[in-house]
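See structure below.
Counting starts at 1 for both ligands and their atoms, following the listed order.
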Amino acid sequence: MDNGYLSPNNGINTQSESELSSTSVVGSTDKTAAQQITIHSTGGFLLFFRQLWIMIRRNFILQKRYYKSTLSQILIGPIIFLLLLYILQQADNNQILKSNLHPTAYPLLGGRTASDPCINLMYTPDDQTSRTIMQAFADNNFKRTGYKLNIETPITSLDFIPTSKLGIVPVTNADFIYNYTLNHPNVTMFGIEFSTVQGPPVNYRYQVWFNSTLMANSSDVFGEQVLALQRGIDEAIVTFASNDPQNPATFDIKLKDWPKVPPSQLSDQIVTSFGAVFFFCAEMIIFISVLNTIVTEKEQKLVDSLVMMGLKTEVYWLSYFISNAWLVVICSLITCTFGLAFQFFVFKNANFAVLFITFILFGLAMVSFAFFITTFCRRARVAVLVGIFIFIIGLIFQSFVFSNSFVGYIWWSQSVDKIGWIILMFLPFFNFGKLYLDLSMLTSGKLDRLTQTVVPGPGFSWNDLYNTIPDTYLPTYSDSNIRPSVPPPIQSWYFLLMNIGFYCIFTWYLDKIIPDEFGNYKNPFFFLTPGYYGIKFKKTFDLQAWINRAQKASIGKHTEEDEDVARERILAFDSTHECVVRICNLSKIYRKNLLIKSVFDKIAVNDLCLTLKEGKCLALLGQNGAGKSTSMNILSGLTPATNGDALLYGYSVRDDMSKIRKIMGVCPQHDILFNDLTAKEHIELYAGIKNIPSAEIAKLVEERLAAVRLTKVADKPAGSYSGGMKRRLSMVISTIGDPKIIFMDEPTTGMDPVNRRHVWSFIEKFKQGRIIILTTHSMEEADVLGDRICVMAHGRLCALGNSMRIKNKFGAGYRVSLVTHPNDSQRLKELVEAQVPDAKLEDDSAGSLIYELPLSALPALPSFIQWLEENEEMSNSEPGKKLVKAWGVSQKSLEEAFLRL
Ligand SMILES: Nc1ncnc2c1ncn2[C@@H]1O[C@H](COP(=O)(O)OP(=O)(O)OP(=O)(O)O)[C@@H](O)[C@H]1O
């Protein structure tokens with residue numbers, strides 16, 4: 001058997017069957033009842049690891065080629081975020097230093113402005129002097145704050161409950177103030193008790209009662225509240241004493257703290273509170289990059305191309321996981337190293353392995369989370385938007401929830417519904433936030449304001465992973481109902497590990513059951529079927545049963561079919577007919593509505609029936625939209641058939657696509673190439689996927705690229721190629737692994753005539769021992785390459801046969817041109833019409849006659865040509881000369897036949 005390795009010398013280098021079995025395919029031809037060839041795969045595990053290795057290599061090449069993006073993920077991102085954190089921490093520390101050495105003076109504000117308590121101020125005794133002083137106080141207070149305090153009617157009853165806000169209330173004596181405030185707590189804000197007030201010169205003595213409960217939340221009770229009140233009373237007394245209420249006295253008082261020796265060491269307030277935000281941002285670069293890369297490959301159908309060439313989807317995901325895992329590891333290492341270099345407490349005081357593993361687990365969980373999201377997105381733009389949305393949610397968590405230990409731990413309080421955190425634990429950034437909070441609780445130092453020293457945290461050792469955080473390091477919750485019972489830090493590791501496992505498994509599962517762009521998907525219970533694990537209970541393939549099933553799947557009637565097409569239909573259903581490709585009633589309906597039939601449904605392929613023998617090239621012709629690409633897509637497993645089935649070398653496109661992929665090559669209509677991989681790397685990649693031995697790959701690269709004249713650009717990225725060059729590379733890729741059946745959708749589109757001829761000769765040589773099915777709009781190409789030509793229209797076959805048969809049947813027959821003397825043309829016409837009565841004169845000018853000979857004239861053609869060759873008639877107008885001076889017969893072209901069809 002000739003398996004057609006192309007050599008630079010003669011184009012074809014035959015390979016023995018034993019050699020071939022070491023790659024992937026061994027073929028008998030079509031001699032068994034099912035015409036099935038045996039496919040040997042070189043060990044499932046070996047192939048798996050070979051493919052994994054080749055995919056990791058490809059990812060690494062792309063990471064190297066996009067080095068700016070890679071560096072920003074592992075180096076620049078973390079360093080920039082850590083640097084920002086360092087700058088912020090330094091700014092905060094500088095502020096602490098400055099406020100210690102140079103405290104700022106702040107003016108004493110206002111007088112009484114508070115309006116909440118029901119009685120702002122009580123005073124006693126209720127005499128003229130006190131009233132005048134309090135009136136001066138109220139006037140001054142109004143000038144300073146704009147808040148009007150009225151002198152109210154005196155209160156005499158201890159049962160009095162104010163119903164509105166009262167300003168300054170006179171009361172009878174100090175005992176009344178005492179008893180009233182005791183009986184009605186938090187109703188009165190201040191009380192003034194003037195004890196000796198004598199007219200000038202006098203000693204002014206008074207006592208201020210204040211409400212420490214109401215002022216408990218104020219940081220500076222005396223500075224802001226009592227002192228301000230005292231200032232107001234003093235101003236009023238001086239105004240009273242000067243007896244000049246028109247010019248009230250004003251005291252401007254400022255308060256200033258003593259300078260202090262700054263603390264010898266500063267705490268890590270910023271890193272403790274906001275570190276999680278910055279570390280989260282650093283990891284998010286990898287997350288967004290994964291989303292973008294994978295969905296872009298999906299959008300450009302690169303994944304479909306890899307899968308069509310035999311790549312296992314498990315390998316695809318695993319290779320991406322590994323390729324990103326090393327980025328995560330380096331990113332985590334850099335984060336830890338720079339965290340130590342910047343002397344952040346959380347890095348200095350924690351076990352290095354704990355931190356390093358935490359960052360790795362978080363990074364891997366985010367990568368897995370990104371995988372999971374890609375299964376729902378078909379467009380890269382959508383994926384990035386979803387990524388940004390998740391980024392914002394994560395940012396909110398890290399900055400508003402976990403920057404404050406009080407709020408951060410409240411999720412584990414009894415008052416929070418368990419369902420809440422069960423949902424949240426599926427978010428990797430929630431688990432990371434909690435762990436970082438635990439770490440910072442034990443590692444951050446706290447400033448003791450009294451001694452101005454930093455009391456370092458106890459540190460976070462490996463054992464601390466398993467212990468709950470001691471209460472002393474937790475925030476104080478005054479309400480015992482909300483006091484959380486915080487789980488040990490190790491729980492966050494478990495949850496991150498659970499996130500990795502959960503998202504990876506669901507990615508694998510959803511990737512299979514969610515329909516792709518072409519409508520391919522697996523049954524949700526596919527993993528319960530033995531077939532998925534390659535287990536097949538030995539059952540001999542019953543061709544006749546298969547044919548019967550396919551025959552029943554017809555979607556229409558075929559009464560007015562062309563005779564050749566009808567004969568082919570019968571052959572397809574004849575189990576004794578030997579062929580390697582048997583297509584039976586293959587149909588594809590694109591439904592407008594998935595659930596119900598509608599008049600808008602598009603029947604792209606309608607009960608296609610076809611058989612092919614080995615070593616043949618089938619050319620599919622047809623107008624745009626005739627159904628050629630759809631037929632190819634069904635046969636190559638890209639899109640599922642709605643009805644019918646096809647057997648390729650004995651394997652059904654419905655049930656055995658994974659086997660067919662091992663013996664199949666595809667050159668799709670639109671080039672599916674990695675713009676940043678070179679032609680050489682493309683061939684190496686696909687050869688690896690096809691499990692071609694490494695030793696043979698270099699030779700293969702050299703030979704195949706030479707055959708399509710791409711050697712000179714072998715090391716240039718495919719993105720820089722012209723359309724024709726990309727086409728040639730796609731075509732070469734489809735021949736890798738010496739497939740038994742190759743689908744080529746318009747393989748020479750965009751190629752110049754010279755390269756097109758090279759490709760033709762390559763295909764011509766390559767087809768030995770295989771099947772090539774190609775679609776084309778070039779009649780010349782179909783004429784040159786097609787051993788069988790099928791013309792499709794509206795999803796149906798309307799003509800079938802070799803080029804000659806189609807031309808004879810559908811072409812307009814022959815064209816005969818004759819040259820004679822103008823005066824002899826009438827006589828020649830009579831002679832021609834006598835011999836070929838059906839001949840139709842198309843042109844008659846100055847002795848030049850052109851006849852169209854329709855198919856009905858063919859029987860008369862041989863004797864007519866013989867008559868022309870003998871050429872015995874003499875001219876009447878030119879003595880001694882022949883009647884027919886020159887003649888020619890040409891067959892009408894395939895293009896004309898196609899146009900007629
Ligand atoms: N995904 C789809 N959804 C709906 N209709 C589709 C889809 N893909 C193809 N079709 C329709 O099916 C018909 C056959 O399309 P197909 O691409 O197979 O034609 P073709 O013969 O390959 O055309 P061309 O020569 O332009 O490539 C067309 O009418 C097309 O509009």
**Message:** Any salt bridge linking Glu703 with Lys765? Criterion: basic side-chain nitrogen under 4.0 Å from a carboxylate oxygen.
**Reply:** no
protein heavy-atom neighbour closest to atom 14 (C) of ligand 1 works out as Gly625 O, 3.5 Å
Worksheet item: For Gly622, is at least one N or O under 3.5 Å away from an N or O on ligand 1?
Response: no
min-distance protein heavy atom vs atom 27 (O) of ligand 1 -> Gln669 NE2, 2.8 Å
Contacts of Phe372 meeting ring-ring contact (aromatic ring centres under 6.0 Å, His included) (sequence neighbours excluded), chain-then-number -> Phe376, Tyr503
Short version for His777: what comes under 4.0 Å of ligand 1, heavy atoms counted, is side chain
The option among Ile603, Leu621, Thr630 carrying the non-hydrogen atom nearest to atom 16 (P) of ligand 1 is Thr630
Taking only non-hydrogen atoms of Gly627 and a 4.0 Å limit, the atoms of ligand 1 in range are 14 (C), 18 (O), 19 (O), 20 (P), 21 (O)
For atom 12 (O) of ligand 1, the closest protein heavy atom turns out to be Ala604 CB, 3.3 Å
Within 4.0 Å of some non-hydrogen atom of Ala626, the atoms of ligand 1 are 19 (O), 20 (P), 21 (O)
Closest to atom 22 (O) of ligand 1 among protein heavy atoms sits Ser629 OG, 2.6 Å
Would you say atom 30 (C) of ligand 1 makes contact with the protein, given that contact here means a non-hydrogen protein atom less than 4.0 Å away?
no
Using 30° and 60° as the class boundaries, would you call the ring planes of Tyr509 and Phe506 parallel, tilted or perpendicular? perpendicular
| Under 4.0 angstrom from ligand 1, any heavy atom of Glu746? | yes
> Is Asp738 salt-bridged to Arg704, cutoff N-O under 4.0 Å?
Replying inline: yes
Atom 11 (C) of ligand 1: closest protein heavy atom, distance to 0.1 Å, is Lys602 CG, 4.0 Å
Charged N to carboxylate O below 4.0 Å: is that the case for Glu746 and Arg727?
-> no
Next on the checklist: Regarding Glu314 and Lys512, does a basic nitrogen lie under 4.0 Å from an acidic carboxylate oxygen?
Outcome noted: yes
Ring pair (Phe, Tyr, Trp, His ring centres under 6.0 Å) with Trp508: of Phe321, Tyr316, Phe526, Tyr320, only one passes, and it is Phe526
Ring geometry between Phe371 and Trp317 (parallel below 30°, tilted from 30 to 60°, perpendicular above 60°): tilted
The protein heavy atom nearest to atom 26 (O) of ligand 1 is Asn624 ND2, 2.9 Å
| said: Any heavy-atom pair between the side chains of Thr678 and Lys716 that's under 4.5 Å? | reply: no
Ligand 1 atoms nearer than 4.0 angstrom to some heavy atom of Gln623 are 21 (O)
For atom 10 (N) of ligand 1, the closest protein heavy atom turns out to be Tyr590 CE1, 3.4 Å
Exercise. If you count the non-hydrogen atoms of other residues, nucleotides and ligands that lie under 6.0 Å from NZ in Lys680, is the total more than 12?
Worked result: no
